[in-house]
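Just so we're on the same page: letters track the sequence lines, and every chain starts at 1.
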Amino acid sequence: MLQVSIYRYNPETDKEPYMQDLEVDTGGKDMMVLDVLELLKGEDPSITYRRSCREGVCGSDGMNINGKNGLACITHLSDTVKNNKLVLRPLPGLPVVRDLVVDMSLFYQQYEKIQPYLQNNTPAPAIERLQSPEERAKLDGLYECILCACCSTSCPSFWWNPDRFIGPAGLLQAYRFLADSRDTATEERLANLDDPFSVFRCHNIQNCVNVCPKGLNPTRAIGHIRTMLLQRGA
Amino acid sequence: MVTAVTNLGRSGLYDWLVQRVSGVILLAWFSIIGTYIGMNGDMSHAQWQAFFGQTWMQVLSVAAVLSIGVHAWIGLWCVLTDYLTTRMIGANGNVIRGIASAVCGVTLFTYMIWGLQIVWVG
C-alpha cells in the first residue's frame with residue numbers, strides 16, 4: 001500500500017489547510033501520480049485537483065510532488081516515491097482555491113504583460129509570412145511551453161514579487177517573440193522589460209530548468225533577453 | 001506593490017551591469033592582495049604601508065571601496081525588496097523597508113568614507 005499525504009483545504013469548511021494521510025493500493029504497478037489521485041478521488045470525491053489531457057500537453061495538473069513541481073500525469077511513481085511515501089501539495093506561492101487547485105491569476109497577468117502574440121507592422125503578404133529553416137529553428141525550445149506554471153512557482157523571485165517579476169514562464173515566451181523573425185515589435189517588447197523587476201529579478205538559480213516537465217530552459221532565454229537589452233542600451 | 005524608487009540606477013540593466021563591473025574590480029583587488037600576502041609571508045607594517053602607498057594601488061583600492069558600496073547596495077536592495085514588503089510582512093512592510101534601507105545606506109556610506117580615508121589619507 002502506497003502512503004499518500006495530500007494537502008487539503010476547503011475554504012468553505014476548513015479554518016486552515018491540513019495534510020491528510022491516505023493509503024492507496026497500486027497493485028505494484030508503476031502508475032502515474034495522476035492515476036493515484038484518480039484512485040483516491042474514487043474513494044473520496046471531495047479531493048480536488050485540475051486535470052485534462054492526462055498526457056503532459058494541457059499543463060492542467062501541475063502540482064508539488066514530493067517537494068518538486070511537476071505534472072502529475074507524466075510523473076511515474078518510480079521517479080518520485082521514496083520510502084513508499086508520496087506527498088502532494090499545490091504549486092507553491094499562489095493562493096489556494098481548494099486542495100491542489102491554485103488561483104493562477106498572477107501567473108496569467110505576468111504572461112499577458114509580455115504580449116504573447118505576433119506583432120508585425122508591415123503589410124500582410126498574400127499568403128503567409130515566411131521563415132527560413134534557420135529562423136524557424138530559433139523558436140525550438142521556446143514554443144513548446146504549455147504554461148503549466150511549474151517553473152514560475154518554483155522560483156523564489158516569483159514567490160516574493162509575483163506582481164512585478166514576469167517569472168520564467170513569461171520570460172521564456174517573451175524571448176519566443178523576441179526571437180521570431182516575423183515579429184517587428186522588438187524595441188517595444190524590450191522597452192517593456194527594461195526595469196529593475198521584470199527580467200532582472202532572475203538570479204540564475206535555475207529552479208525553473210530543474211522542474212520544467214517539457215525539458216525547456218527559461219534561464220537561457222532570460223540570458224538572451226539580458227543580452228538583447230544590453231545591446232539595445234549600448 | 002514594491003517600487004524601484006530606492007534602486008541605484010532606476011534601471012535593471014544599469015544595476016546588473018554595475019554589479020558585474022564592480023564584481024570584476026573586487027575580484028582583481030582581492031586577487032592582488034591575496035597574491036601579495038602569499039608572496040610576502042613575514043611582512044612588516046612599513047612594507048604593507050609602502051605597498052598601499054603606491055599610486056596604482058591607491059587608485060585600485062579607491063575603485064574597490066566604491067565597488068563594495070554600489071555592489072552591496074544593489075544586492076541589499078534586492079534582498080530588502082524581496083523580504084521586507086507589504087506582501088511578506090503586512091501593512092507596515094514599506095515603512096520597515098524604508099528604515100532598513102536607510103540603516104543599510106548610512107552604514108555603507110560610512111564604511112565607504114572610512115575606507116577612502118584609510119586608503120587615501122593613510
Which residue in the set A:Val199, A:Leu229, A:Leu230 passes side chain to side chain contact (heavy atoms under 4.5 Å, CB included) when paired with B:Trp16? A:Leu230
Please report the closest heavy-atom contact between [X] and [Y], naming both atoms and the distance.
X	Y	answer
B:Leu13	A:Arg226	CD1-O, 4.4 Å
A:His203	B:Cys78	CE1-SG, 4.0 Å
B:Trp77	A:Pro196	CH2-CB, 3.8 Å

Is it the case that more than 12 heavy atoms not belonging to [X] sit under 6.0 Å from its [atom1] atom?
X	atom1	answer
A:Lys214	NZ	yes
A:Arg176	CZ	yes
B:Arg20	CZ	yes
B:Trp48	CH2	yes

What distance separates A:Phe165 CZ from B:Asp82 CG, expressed to the nearest 0.5 Å? 10.0 Å
Any A:Trp160 side-chain heavy atom under 4.5 Å of B:Arg87 side chain: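 No; the side chains remain at least 4.5 Å from each other.
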Applied to residues 95-106 of chain A, the salt bridge (charged side-chain N to carboxylate O under 4.0 Å, His left out) test, sequence neighbours excluded, yields A:Arg8-A:Asp99
Which of A:Pro156, A:Ser157, A:Pro162 touches chain B most, by non-hydrogen pairs under 4.5 Å: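 Ranked by contacts with chain B, first place is A:Pro162.
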